[in-house]
Amino acid sequence: MAAVEVWTADVSAAERAERLLSDAEVERAGRFRSEPARRLFVVSRAVQRVVGAARLGVPVGDVVIDRTCRLCADTGHGKPSYAGRPELDFSVSHSGTLVALALSAECRVGLDVEEADRRATTANLTDRVLTADERASGLPFLTLWTRKEATVKLTGHGLTVPFEALSCEGKAVRVLSPPDGWPSAPIHLTAVPVPVGYHATLATLAHPPTVTLHRAEPLLAAA
């Protein structure tokens, strides 16, 4: 088993969270034209910082987050990590008004959360992103979608892997023609009990993970 922490926070924490961001993050937040999107960004970055500070034992201002892509070395779009601490793996996701972060010192993780009422945006995707086995499984579309998203967040491949190449109807992912950098170990899928109105999946290279749930607002308030 591997211990995984899942931290959640609501965007209502945005006002007190913004003071925790770096100057570059504050500047980027100011460029958002959508206020809901800006608040999600602010809370997401702040949660990454306060959880990292708590686990690394350093002040929030000393937390450095590296976003270098493991596949192409681009410094802006990779899976985030705490600089100099590769053993502490984390993944962050947000949707609606919820931010969620999964963290583990014992295995690689990927997390995706989606607001449940996404019928308008997903209605035309079923035939394009689901395999025949997934369509036959009877699982809700968003369950399968979060499984796929969590998988490519764990691996760091993102949307470079076509979702129709991933079959996620079981408890472990099956992938057609694994791309370079794909883990040799099985990727396991676990539903995460997030607040009502959301679907979330945790992908791990350990099974079964021991998941503990935490609210991040106390950390944000205390920082």
Side-chain angles (χ1 to χ4, degrees), residues 2-69 75-115 149-150 153-154 156 192-198 200 202-204 209-223:
V4 180
E5 301 173 8
V6 175
W7 294 81
T8 58
D10 188 85
V11 295
S12 59
E15 297 310 314
R16 63 179 179 271
E18 189 159 359
R19 61 187 172 81
L20 304 174
L21 272 56
S22 68
D23 291 343
E25 288 170 331
V26 171
E27 191 276 333
R28 181 176 170 184
R31 299 202 302 268
F32 279 85
R33 295 184 178 182
S34 163
E35 179 60 16
R38 185 193 73 83
R39 289 162 67 87
L40 275 172
F41 172 82
V42 167
V43 175
S44 173
R45 292 303 176 91
V47 168
Q48 293 172 59
R49 291 186 174 281
V50 296
V51 172
R55 291 296 165 261
L56 298 172
V58 301
V60 173
D62 290 347
V63 175
V64 178
I65 299 173
D66 185 1
R67 302 182 189 280
T68 302
C69 178
T75 59
H77 68 233
K79 179 182 180 180
S81 62
Y82 295 116
R85 298 296 296 271
E87 77 283 2
L88 196 60
D89 200 66
F90 79 92
S91 178
V92 65
S93 183
H94 52 71
S95 183
T97 63
L98 182 70
V99 171
L101 180 148
L103 177 144
S104 179
E106 300 177 14
C107 71
R108 286 171 65 180
V109 297
L111 178 70
D112 187 58
V113 59
E114 300 290 345
E115 194 172 18
E149 284 272 14
K153 286 185 174 183
L154 180 151
V192 179
V194 288
V196 173
Y198 293 88
L202 174 69
T204 61
T210 302
V211 179
T212 56
L213 304 178
H214 308 270
R215 294 296 298 187
E217 285 88 351
L219 291 182
L220 294 171

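Index from 1, following the sequence.
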State whether the side chain of [X] and the backbone N or O of [Y] hold a donor-acceptor pair below 3.5 Å, judged by distance alone.
X: Thr204; Y: Pro209; answer: no
X: Ser104; Y: Glu106; answer: yes
X: Arg39; Y: Ala14; answer: no
X: Tyr82; Y: Asp66; answer: no
X: Arg108; Y: Ala203; answer: no

Check: Is there a side-chain contact (heavy atoms from CB on, under 4.5 Å) between Val192 and Leu213 once you walk through the steps?
Finding: CA-CA 9 Å; Val192 179; Leu213 304 178; 4.0 Å; yes
Does [X] reach the side chain of [Y], with side-chain heavy atoms less than 4.5 Å apart?
X: Leu103; Y: Arg55; value: yes
X: Asp112; Y: Lys153; value: yes
X: Leu20; Y: Val50; value: yes
X: Leu98; Y: Pro195; value: yes

Heavy-atom closest contact ([X] atom, [Y] atom, distance):
X: Ile65; Y: Pro80; result: CG2-CB, 3.9 Å
X: Ser22; Y: Arg49; result: CB-NH2, 3.6 Å
X: Ser95; Y: Leu40; result: N-CD2, 4.5 Å
X: Glu115; Y: Gly96; result: OE1-CA, 3.5 Å
X: Ala13; Y: Val43; result: C-CG2, 4.1 Å
X: Ala102; Y: Val109; result: O-CG2, 3.8 Å

Margin query: Within the 3.5 Å criterion, strictly below it, is a donor on Tyr198 or Thr97 matched to an acceptor on the partner's side chain?
Written below: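 Yes, side-chain donor-acceptor contact under 3.5 Å.
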Could you grab the distance from atom [atom1] of [X] to atom [atom2] of [Y], nearest 0.5 Å is fine?
X: Phe41; Y: Glu18; atom1: CZ; atom2: CD; value: 9.5 Å
X: Thr8; Y: Leu111; atom1: OG1; atom2: CG; value: 10.0 Å
X: His214; Y: Leu101; atom1: NE2; atom2: CG; value: 11.0 Å
X: Leu220; Y: Arg215; atom1: CG; atom2: CZ; value: 10.0 Å

Next item on the list: Please step through salt bridge (charged side-chain N to carboxylate O under 4.0 Å, His left out) for the pair Lys79 and Asp89, ending with a clear verdict.
Entry: CA-CA 10 Å; Lys79 179 182 180 180; Asp89 200 66; 2.7 Å; yes
Checklist line | Candidate pair Val4 and Thr210, rule side-chain contact (heavy atoms from CB on, under 4.5 Å), full reasoning | finding: CA-CA 6 Å; Val4 180; Thr210 302; over 6 Å; no
Next item on the list: Check the pair Val92, Val47 against side-chain contact (heavy atoms from CB on, under 4.5 Å), reporting the backbone distance first and the verdict last.
Entry: CA-CA 9 Å; Val92 65; Val47 168; 5.9 Å; no
Notebook entry, point to check: Can Leu219 and Trp7 be said to form a side-chain contact (heavy atoms from CB on, under 4.5 Å), step by step?
Noted result: CA-CA 10 Å; Leu219 291 182; Trp7 294 81; 3.4 Å; yes
Next item on the list: Give the C-alpha distance, both sets of side-chain angles, the deciding distance and a yes or no for salt bridge (charged side-chain N to carboxylate O under 4.0 Å, His left out) between Glu217 and Arg16.
Entry: CA-CA 10 Å; Glu217 285 88 351; Arg16 63 179 179 271; 5.7 Å; no
Notebook entry, point to check: Please walk me through it: do Glu15 and Arg38 pass salt bridge (charged side-chain N to carboxylate O under 4.0 Å, His left out)?
Noted result: CA-CA 11 Å; Glu15 297 310 314; Arg38 185 193 73 83; 3.7 Å; yes
